[in-house]
Protein chains: 2
Amino acid sequence: MTFPDSTPDQVNTALNEAHIAFLSYKNLSGKQKAKFLRAIAYEIEALEQNLIQVAMRETNLPEARIINERGRTTGHCRMFADLVEEGSCVDARIDTAQPNRSPLPKPDLRKMSVPIGAIAVFGAANFPLAYSTAGGDTASALAAGCPVIVKAHPAHAETSELVAQAIKKAIEKTGMPTTVFQHLHGSNFEVGKALVNHPFTKGVGFTGSLAGGKALYDIAQQRAEPIPVFAEMSSINPVILLPKTLEQQAVKSAEMLAASITQGVGQFCTNPGLIIAIEGKGLTDFSQSLSAKISSTPAGIMLHQGIADNYLKRLTQSVSQKGISIEGQSTSAVEKNQGLPTVASVTAIEFLKNPLLSEEVFGPFSLIVKCKDFTELHTVVNHLHGQLTISIFGSEAEIALHSALLNIITEKAGRLIINGVPTGVEVCSSMNHGGPYPATTDSRFTAVGTDAIKRFVRPVSYQNFPASLLPEELKDGNPLRIWRLVNNEWSKS
Amino acid sequence: MTFPDSTPDQVNTALNEAHIAFLSYKNLSGKQKAKFLRAIAYEIEALEQNLIQVAMRETNLPEARIINERGRTTGHCRMFADLVEEGSCVDARIDTAQPNRSPLPKPDLRKMSVPIGAIAVFGAANFPLAYSTAGGDTASALAAGCPVIVKAHPAHAETSELVAQAIKKAIEKTGMPTTVFQHLHGSNFEVGKALVNHPFTKGVGFTGSLAGGKALYDIAQQRAEPIPVFAEMSSINPVILLPKTLEQQAVKSAEMLAASITQGVGQFCTNPGLIIAIEGKGLTDFSQSLSAKISSTPAGIMLHQGIADNYLKRLTQSVSQKGISIEGQSTSAVEKNQGLPTVASVTAIEFLKNPLLSEEVFGPFSLIVKCKDFTELHTVVNHLHGQLTISIFGSEAEIALHSALLNIITEKAGRLIINGVPTGVEVCSSMNHGGPYPATTDSRFTAVGTDAIKRFVRPVSYQNFPASLLPEELKDGNPLRIWRLVNNEWSKS
């Protein structure tokens, strides 16, 4: 099923309507927003097999994956419901007046976070549910008190329509402002551009390519009023294998990485696209074992033809660069819409010379960078762009010997992993799914976990407000029983 | 005394050195950074009369103001010292592993804030101490763990040199990395441009004009790796006078506002440059009283000739716009370097037609917008750009009648004030000194108060880290006794 692109008029109307919704929605209590978010989860579940079947058809993803992703989607709706119902996330601060302070009296000053306004969310190709219509961006923006306008990803527009209908049912059933959520279609860039350019759009959530994310970011920064863009774009999630440990666990490491590289046909932003190690017996054993695993992994159907075409193009380009050898490639017959698992290798010297090799190849591909020694390995690590994750495989003792490496990778990534693969993004308070550019456009915020709500709020101070005019969160006596910093002491009473 | 502009080579060397300092400075404990910040405060105080005299000579500010500003500067150094010594500001989160969770085990995941890297700070013309060399940007960046490169404001370069020497003494005495603070000069834009463009610059702090701040912002966004810019630029700090209350306290309101408009020759970013009220007896009385006060306020010497020239130019331009009447102007003789206190008025209709009237006139000027009724007043308020502050003068009962106004101004400003003037920025946890564009380039952060540190950090997650490799802040047993969110419960034990 295809849907006509939304017209410029429709985009304009949607934002004007979103702004009207905002002026009432932003004042709803945490309890009311929680009820809405839980209703969204319920209505998505009520779509039952219809949603599963449509999503499978549109994305080529297997049923188990879609069911899992649906669980994650309803899970984060309920997580944000719990968060705003509890309410401490407004980060309330109170400094009471000191009328007799000399030389000047101190006024009563209180502060809390408020929502920033209407948010444009772009559905992601690779997560038709969890990063799309009711994905983490939408759920966190609605939890923050912001209306949301979703542009459906054209590759799964029907799935997006179904979820949008579920959200609209939840709006009706919980009596939310009708236009607090709106759904648009756009297969060409103009719709997205108009969305980001509208004066009532106050923030943008995007998951996709570097080219797409950077284009939206540039538009947003060139507006009369620049707005924040949270684009999660490009990461090759380097994995550093320390040599002594590698000798002891070459096969085990290869198995873990082969599974991670090929999981979901490599279509995760956390796919390990770069492996950095020092030449020696450990690396030889590891490469052989990884190549064997990759060779025996069948090619899988990718999300849509455009992604498969792009993978083939980027893969061909990468492996034809100077100094690249293919170490292993799936031997299965490959259809036009499938992605062929492939591992290649290159020396550190060639890697450092060729910037193309630091770019993401979205699909089941990984590149092994073979270093002569630790000096070369350090140079390669220093050369890395910003990443969502960097992993180190090594024993506690061996990592401790190379603590300078830990010091450097902290500057390069949003999540550091020891002896684990980067795929698998836990949804919790301690998750940071973000990282220095070009992994994202703003390394100070996470797209996953409770803190994702912080992207869509800003602080406001209330000076000298009589009690009756203060928001509940800031009133004396703490009627909502939330954590607040009162005269520099945290308290819940 | 004049100082030669730093050369491109000097800028490049400074940033390379800053990056080297960063790799060790970022790992210092809160206690160590606190010692350093307190030493800065001590060394600034040790400059004694020399600093006071040089600053007075360079800025034309009176002794009492410089002494007060010095107190504020050493005060925020000590405030940030207390903050990082206590340590909870790293916002630590811990989610412990659940190895037996089904279908997938949950990894151990911990998160805290880390510094973003070297910060370029631009000294502000109007605060030679508190927003300059050891100002809030520098102190909060150093507290966060970021090296700082200050570009001295050319109008008070010698004051800046003195403070820089004090900071360098503090570096020596507390054994900090030598290049954790560096000081450059630049009277032309190229030095600032080179600073913002350097790959090792990871953030920018700026207080000044809209043109200057926006130019730096645009450079920062067009870099290969865009970086955050915290520019505090332009605010006219509207004051809304509600009619019933105004009738009862026209003279008192006029006295408060006259003092605020002319304080420090109007050279505060929180100067009340716009007064919005409804025509009637209250407004007539208020205007007469305000005009009388302004007429009898002598012209004061401005910070430097450039600011005085610019004030005269912008004042002349504003009062020559269609429909503008001068209500009151200081009758004192005026020297070339003085700013003449002036109040003008305009009808709402003319105000809404002319965008120039919404722009800041930096100096002792305010414009009264006369509205026919509440409908016009609402239109004017809706028309406002982003502001640092918006004030409402009105009784609790009268404000409650117009709660829709409160709802709108929350979207327009970073600090809302009831029955108070915007000048006077309290330094505390509840202060938000920031606001929607063009007041600042990022409404989600404050430039004043403890939360200013948040501008210079980003979160990092640590997955599966053995205890010995974790930062102290995230270790089991909470050795630093800081507030942490452990499995979704806040705890200090």
| Atom CG in B/N27, atom CG in A/N407: separation rounded to 0.5 Å? | 4.5 Å
| remark: CZ (A/R110) and CG (B/L416) are apart, to the nearest 0.5 Å, by 14.0 Å
| field | Close side-chain approach of A/V457 and B/R444, heavy atoms under 4.5 Å | value | no
| request: Answer whether the closest heavy-atom distance between the side chains of B/F465 and A/L406 falls below 4.5 Å. | output: yes
| request: Please look at A/D95 and chain B and tell me whether the side chain, the backbone, both or neither of the residue comes under 4.5 angstrom of a heavy atom of that chain. | output: both
| query | Side chain, backbone, both or neither: which part of A/D91 has a heavy atom under 4.5 Å from chain B? | reply | side chain
| Taking every non-hydrogen atom, the tightest pair across B/S443 and A/P459 | O-CD, 3.6 Å
| query | Is any side-chain heavy atom of B/K111 closer than 4.5 Å to a side-chain heavy atom of A/M431? | reply | no
| request: Side chain from CB out, backbone as N, CA, C, O: work out which of these in A/P115 comes under 4.5 Å of a heavy atom of chain B, or both, or neither. | output: backbone
| A/L485 versus chain B, the contacting section by heavy-atom distance below 4.5 Å | side chain
| field | Interchain contact, A/K202 with chain B, by part (heavy-atom threshold 4.5 Å) | value | neither
| request: Please flag which part of A/N68 lies under 4.5 Å from any non-hydrogen atom of chain B: side chain, backbone, both or neither. | output: neither
| A/A224, part contacting chain B, at a heavy-atom distance under 4.5 Å | backbone
| said: Within this structure, what is the CZ-CZ distance for the pair B/F445 and A/R458, rounded to the nearest 0.5 Å? | reply: 13.5 Å
| Is it the side chain or the backbone of A/K214 that comes within 4.5 Å of chain B heavy atoms, both, or neither? | side chain
| message | Report which part of B/I417 has an atom under 4.5 Å of a heavy atom belonging to chain A: side chain, backbone, both, or neither. | response | both
| task | Could you tell me whether the side chain of A/R415 reaches within less than 4.5 Å of the side chain of B/L109, counting heavy atoms only? | result | yes
| message | Any salt bridge linking B/R101 with A/E426? Criterion: basic side-chain nitrogen under 4.0 Å from a carboxylate oxygen. | response | yes
| query | So do A/W490 and B/W483 actually touch side chain to side chain, heavy atoms under 4.5 Å? | reply | yes
| said: So for A/A92, is it side chain, backbone, both, or neither that comes closer than 4.5 Å to the heavy atoms of chain B? | reply: neither
| task | Could you look at A/S403 and say if it's the side chain, the backbone, both or neither that has a heavy atom under 4.5 Å from chain B? | result | neither
| Would you call B/P226 and A/T441 a side-chain contact if the rule is heavy atoms closer than 4.5 Å? | no
| said: Which atoms of B/K26 are under 4.5 Å from chain A, going by heavy atoms: the side chain, the backbone, both sets, or neither? | reply: side chain
| field | A/E411, part contacting chain B, at a heavy-atom distance under 4.5 Å | value | both
| request: Would you mind checking which part of A/P438 comes under 4.5 Å of any heavy atom in chain B, side chain (CB onward), backbone (N, CA, C, O), both or neither? | output: neither
| query | To the nearest 0.5 Å, how far apart are OG in B/S430 and CE in A/M112? | reply | 12.5 Å
